Amino acid sequence: MQIPQFEEIITPTDQTEARKASLEAISELVGNAYPNKFVRSTVTGTDDTITALKSFAPIVAVENEMAEIKAGLSEGERPPTEIKDAMNERLRALGTVRIAGRLTTPTRGNFVHLTDGISKFQVYCNKKGPLALVLNDGSDTLDEENGWKAWQLLDHGDFIGVEGYLFVTNTGEVSVHVEKLQFLVKAMRSMPDKMHGIADAELRQRQRYYDLIGSSLQVEHDGLTTREVFERRAKLIAGLRRYLEDHGYIEVETPMLTPKATGAAAKPFKTHHNALDIDLYARIAPELYLKRLVVGGFEKVYELNRNFRNEGISYKHNPEFTMLEFYCAYMDVNGMMNFCEELMRESVQKATGGLKVTYEGNEIDFARFERVTMKDAVAKYAPNLAVDDTNIVAAFDEHVEQNLIQPTFIIDYPKSISPLSKADPRDPQVAERFELFINGMEVANGFSELNDPKEQYERFVDQMVQREGGDEEAMVLDEDYIRALSYGMPPAAGIGIGVDRLVMLVTNKHSIRDVILFPHMRPERKGTSEEDN
RNA sequence: GGUCCGAUAGCUCAGUCGGUAGAGCAAAUGGCUUUUAACCAUUGGGUCCCUGGUUCGAGUCCAGGUCGGAUCACCA
C-alpha cells in the first residue's frame with residue numbers, strides 16, 4: 001500500500017513555509033498552539049457569536065447614531081469627543097466580551113476583523129496595552145511585549161479569541177479593544193482573493209470549505225454568497241418539513257440499500273453485501289416502501305432524503321439528489337396539486353421572504369400555478385404537429401417543456417408511461433397524474449396511487465416485457481409490494497419533489513452543483529505521469 | 001457519450017507575430033499604528049495540466065490524453 005507523505009498533501013510553498021515559521025514562533029510564546037477551547041462571553045444573552053454581537057441591539061443603536069452624526073460632518077471631520085465618550089460609556093457598561101473567529105484581514109496595523117463565517121466584527125489591539133497573552137493552559141500574564149509579538153505573528157486566516165471592552169471608532173464602527181489575546185489555530189495556507197473569492201468552479205466544488213472561507217472573506221458580492229445559498233437551502237427544507245408536520249405528516253426513513261431498484265424509471269447503482277452474499281441497489285425512489293406504510297396505516301407519511309440514479313450528469317442532474325416524497329390517504333391527484341401549491345408557497349416564502357423569485361432574468365411567481373393538459377400544452381406550443389398517444393410525450397419534451405417558465409402542472413399523462421398511477425375514471429388511457437414544471441425543469445411528479453393489486457401486477461408485467469425488450473429503465477416487478485397492496489391500501493395521492501431543483505430556483509443558481517455542498521466529481525489526479533496500478 | 005470552450009504564482013487574471021515568465025491581492029523584511037478591499041518602500045515566489053511532435057527556439061503551433069465548464073442526448 002502506498003501511503004502519501006504529508007508533504008505530498010500539503011505541498012510546501014513560500015506561503016506554507018512562512019506560516020510554519022510563524023506557528024513555531026507562536027508556539028514558543030504560548031506553548032501548545034492548538035488549545036482545546038475558548039469560552040465566549042454572553043453579553044448578548046446567549047453565546048456571543050460574532051453574528052449575535054454584530055446584531056445586538058445596543059451595538060446596532062450606537063452604530064446607527066454614529067452614522068447619523070457622521071452624515072452631518074464634512075469629509076475627514078471627526079465626531080465630537082463628548083458624544084463618542086458618552087457612547088463608549090454605554091458600550092463599556094455592556095461588560096467584557098469574549099469573541100472568537102477567523103482573521104479576515106492581514107494583521108498590518110492595529111485593526112483586524114474576525115468572522116464567524118457570516119458576520120465580521122472589528123478588533124483593535126494596541127501595543128501600549130494593557131495587553132495580556134493567554135497561554136495554552138488558560139493562564140495569562142500582563143505582557144505587552146509578548147502580546148504584541150504574538151499579534152504581529154498572526155496571519156490572514158488564523159483563528160484567535162479575544163477578550164476586551166467595546167468602543168466605537170472615529171469611523172463609527174463598534175469594535176473590541178483587546179485586553180487578552182488567545183491564539184486558537186494557524187491557517188497553514190493562504191486565503192482566497194478577497195475581491196473575487198474562488199472563481200474556479202472546479203476548485204469551488206472540490207474544496208467547498210475553501211469556497212466557503214472565500215465567500216466569507218470576500219468584500220463585495222453579486223447575488224448570494226455560498227454560505228447564503230446553503231443557509232437558504234436549509235431554510236427551504238425546514239419550511240417543507242414544518243408545513244408537512246403542521247399538516248399531520250410523519251417523517252420516516254426507508255431503505256437506501258434495496259434488493260430491487262424500482263419505484264421509478266431509472267438505472268441504479270449496484271453494490272454487494274458480503275455477509276448475506278446478495279447484490280443490493282442504491283434506491284432510485286422510496287415510493288414503494290412509503291406506500292407499504294400507507295397500507296400499514298400511516299395515513300400521511302413523508303421521506304426527505306437522497307435517491308441515487310446511475311445516469312448522466314448535467315446542470316440539473318447529480319447522481320445523488322434530494323427528493324421529498326409524501327403520501328396522503330383518501331386524497332386524489334387534484335387534492336395533491338392543491339396541497340403542493342400551498343406547500344411550495346409556504347416554503348418559498350420562508351426561504352426568501354416572498355413569493356416571487358428572479359431566476360436568470362425571469363420573474364417566477366409562486367402565487368399562481370397553472371394547470372394544463374398535456375394535449376393542450378402540445379397544441380399550444382406545436383400547433384401544426386399531428387399527435388397521438390404514441391408520440392405525445394416526445395412532442396411534449398421537445399416543444400413544450402422548455403417553455404414552461406411559470407409554475408405549471410401538466411396533467412393527463414398517458415397511462416402507458418405511468419405504471420404506478422391510477423387511470424382517470426373518465427378516460428382509461430389517461431393517468432391521474434401531473435408533473436410540475438418551473439423554468440423548463442421538472443420539479444415534481446405526483447398521481448393518484450394505483451391500489452388494485454391485480455392491475456398493479458399487470459402494469460408491472462407490462463414493464464417487465466418492455467425491460468426484456470431492452471428498456472433498461474422499465475420498472476422491476478416487486479412481488480412483496482403486490483402482496484402489500486393485497487391487504488388493502490386506501491385511496492391515496494403521492495408526490496415526489498426534486499428539492500435540489502427547487503433550491504436552484506430560490507437561489508438563482510443555474511447549476512445543481514452550486515446548490516449541493518459536495519457534488520459528484522471525478523477523482524482528482526496528480527498531473528504527473530508516475531502513477532500506475 | 002457527441003459538440004464547443006478552458007487550465008499560467010497560494011488566489012484573481014494578463015501574456016501581441018514562436019524569441020529571457022507578468023500584474024493585483026496574498027507572503028517576507030523594514031517603516032507607520034483609530035484603520036474601513038487595496039498605507040509606504042524593498043524582496044522572494046512558476047512542472048505555464050500531462051505526454052509526445054514541429055522548430056535553432058514552444059506558455060504560444062500540431063497530435064493524443066487528464067480534469068473542468070457550457071450545451072445536446074437520457075433522466076428528476
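Note that this is a predicted model, so its numbers are computed, not measured. Residue numbers start from 1 in every chain, and the chains themselves are labelled A, B, ... in the order their sequence lines are given, proteins ahead of strands.
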Next on the checklist: Taking B:G2 as the reference, what is the distance to B:G19 when you measure between their P atoms (whole Å, please)?
Outcome noted: 35 Å
Item to check | Nearest-angstrom distance from the residue atom CD1 of A:I512 to C1' of B:G68 | outcome: 18 Å
Checklist entry - What does A:M521 touch in the nucleic acid at a heavy-atom separation under 4.0 angstrom: a base, only the sugar-phosphate, or nothing? => result sugar-phosphate
Checklist entry - Is the shortest side-chain N/O distance from A:R522 to OP1 or OP2 of B:G68 below 4.0 Å? => result yes
Item to check | Gap between atoms NE2 and C1', on A:H196 and B:G10 respectively (whole Å) | outcome: 16 Å
Item to check | Euclidean distance for C1', B:C17 against B:G57 (whole angstrom) | outcome: 15 Å
Checklist entry - Which nucleotide, B:A27, B:U35, B:C74, lies nearest any side-chain atom of A:Q15? => result B:A27
Checklist entry - Does A:H510 put a side-chain nitrogen or oxygen below 4.0 Å from OP1 or OP2 of B:U71? => result yes
Checklist entry - Syn or anti: how is B:C17 classified when any glycosidic angle within 90° of 0 counts as syn? => result syn
Checklist outcome for this item: A:K127 NZ to B:G31 P, in whole Å, measures 8 Å
Item to check | Value in whole Å for how far the C1' atom of B:A76 lies from CG of A:D397 | outcome: 12 Å
Next on the checklist: Please determine whether a side-chain nitrogen of the Lys or Arg among A:D514 and A:R204 lies less than 4.0 Å from a carboxylate oxygen of the Asp or Glu.
Outcome noted: yes
Next on the checklist: Can you check the distance between B:U55 and B:A9, where both ends of the measurement are the P atom (answer in whole Å)?
Outcome noted: 30 Å
Checklist entry - Where is the tightest heavy-atom contact between A:W148 and A:C125, given as atom of each residue plus distance? => result CZ3-O, 3.6 Å
Item to check | Closest to side chain of A:K194, choosing from B:U34, B:A38, B:G10 | outcome: B:A38
Checklist entry - Under 4.0 angstrom, heavy atoms only, what part of the nucleic acid is A:G496 near: base, sugar-phosphate, or nothing? => result nothing
Checklist entry - With a 4.0 Å cut-off on heavy atoms, is A:A265 in touch with a base, just the backbone sugar-phosphate, or nothing at all? => result sugar-phosphate
Next on the checklist: Taking only the C1' atom of each, what is the distance from B:G44 to B:G10 in whole angstrom?
Outcome noted: 14 Å
Item to check | Nearest-Å distance once atom P is located in both B:A28 and B:G6 | outcome: 36 Å
Checklist outcome for this item: Taking B:C11, B:G69, B:A26 as options, the one with an atom nearest any side-chain atom of A:Q205 is B:G69
Checklist outcome for this item: A:D514 atom CG is separated from B:A70 atom P, nearest whole Å, by 8 Å
Item to check | N-O pairing of A:E144 and A:K128 below 4.0 Å | outcome: no
Item to check | For the student: nearest non-hydrogen atoms of A:I59 and A:F121, plus distance | outcome: CD1-CZ, 4.3 Å
Item to check | Phosphate contact (B:G10 OP1 or OP2) by A:R189 side-chain N/O below 4.0 Å | outcome: no
Next on the checklist: One thing to verify: whether A:K509 and A:E360 come together as a salt bridge, which I'm taking to mean a side-chain N less than 4.0 angstrom from a carboxylate O.
Outcome noted: no
Checklist entry - Within the structure shown, what part of the strands sits under 4.0 Å from A:R204 by heavy-atom distance: base, sugar-phosphate, or nothing? => result nothing
Checklist outcome for this item: Contacts of A:N88 meeting side chain to side chain contact (heavy atoms under 4.5 Å, CB included) (sequence neighbours excluded), chain-then-number -> A:K84, A:L91, A:F167, A:V168
Checklist entry - For A:Y315, which contact category applies under a 4.0 Å heavy-atom criterion: base, sugar-phosphate, or nothing? => result sugar-phosphate
Checklist entry - With no angle test and no hydrogens, is the base of B:U35 tied to the side chain of A:Q122 by a donor-acceptor pair under 3.5 Å? => result yes
Checklist entry - Are A:Y124 and A:Y165 an aromatic pair by the rule of ring centers under 6.0 Å? => result no
Next on the checklist: Taking B:C61 as the reference, what is the distance to B:A41 when you measure between their C1' atoms (whole Å, please)?
Outcome noted: 43 Å
Checklist outcome for this item: To the nearest angstrom, the OH-P distance between A:Y209 and B:C11 comes to 12 Å
Checklist entry - Which part of the nucleic acid, if any, lies within reach of A:A199 when heavy atoms closer than 4.0 Å are counted: base, sugar-phosphate only, or nothing? => result sugar-phosphate
Checklist entry - What do you reckon, do A:F321 and the base of B:A76 stack, with centroid distance below 5.5 Å and planes below 30°? => result yes
Checklist entry - Just by modelled atom types, is the A:L23 backbone N or O under 3.5 Å from a matching donor or acceptor in the A:S27 side chain? => result yes
Checklist entry - RNA chain B: stems of at least 3 consecutive Watson-Crick or G-U pairs, cut-off 3.5 Å? => result B:1-7 with B:66-72, B:10-13 with B:22-25, B:27-31 with B:39-43, B:49-53 with B:61-65
Checklist outcome for this item: Tightest non-hydrogen contact, residues A:R102 and A:G157, listed as NH1-O, 2.9 Å
Checklist entry - Is any side-chain N or O of A:R206 closer than 4.0 Å to OP1 or OP2 of B:G68? => result yes
Item to check | Nearest-nucleotide pick for A:E202, side chain only, options being B:G68, B:A27, B:U34 | outcome: B:G68
Next on the checklist: I want to check one thing: is the phosphate of B:C74, taken as OP1 and OP2, less than 4.0 Å away from some side-chain N or O of A:K267?
Outcome noted: no
Item to check | Side-chain donor/acceptor of A:D14 to base of B:G10, under 3.5 Å | outcome: no
Checklist entry - For the side chain of A:D193, counting heavy atoms from C-beta on, which of B:A27, B:G24, B:A76 is nearest? => result B:G24
Item to check | d(CG, A:D155; P, B:C25) in whole Å | outcome: 17 Å
Checklist outcome for this item: The answer to which of A:S175 and A:A201 contacts RNA chain B further toward the 5' end, by nearest nucleotide, is A:S175
Checklist entry - Side chain of A:N403, backbone of A:H399: donor and acceptor closer than 3.5 Å? => result yes
Next on the checklist: Using the C1' atom as the point on both nucleotides, what is the distance between B:U66 and B:C50, in whole Å?
Outcome noted: 7 Å
Next on the checklist: Under 4.0 Å, counting only non-hydrogen atoms across every strand here, what does A:E17 touch: a base, just sugar-phosphate, or nothing?
Outcome noted: nothing
Checklist entry - Using a cut-off of 4.0 Å on non-hydrogen atoms, how would the nucleic acid contact of A:D500 be classed: base, sugar-phosphate, or nothing? => result nothing
Checklist entry - Does a nitrogen or oxygen in the side chain of A:R19 sit under 4.0 Å from OP1 or OP2 of B:G10? => result no
Checklist entry - Given atom CG of A:L73 and atom C1' of B:U34, what is their separation to the nearest angstrom? => result 16 Å
Item to check | Gap in Å between the two P atoms, one belonging to B:U42 and one to B:U47, rounded | outcome: 26 Å
Checklist entry - Do NZ/NE/NH1/NH2 and the carboxylate oxygens of A:E228 and A:R233 come within less than 4.0 Å? => result no
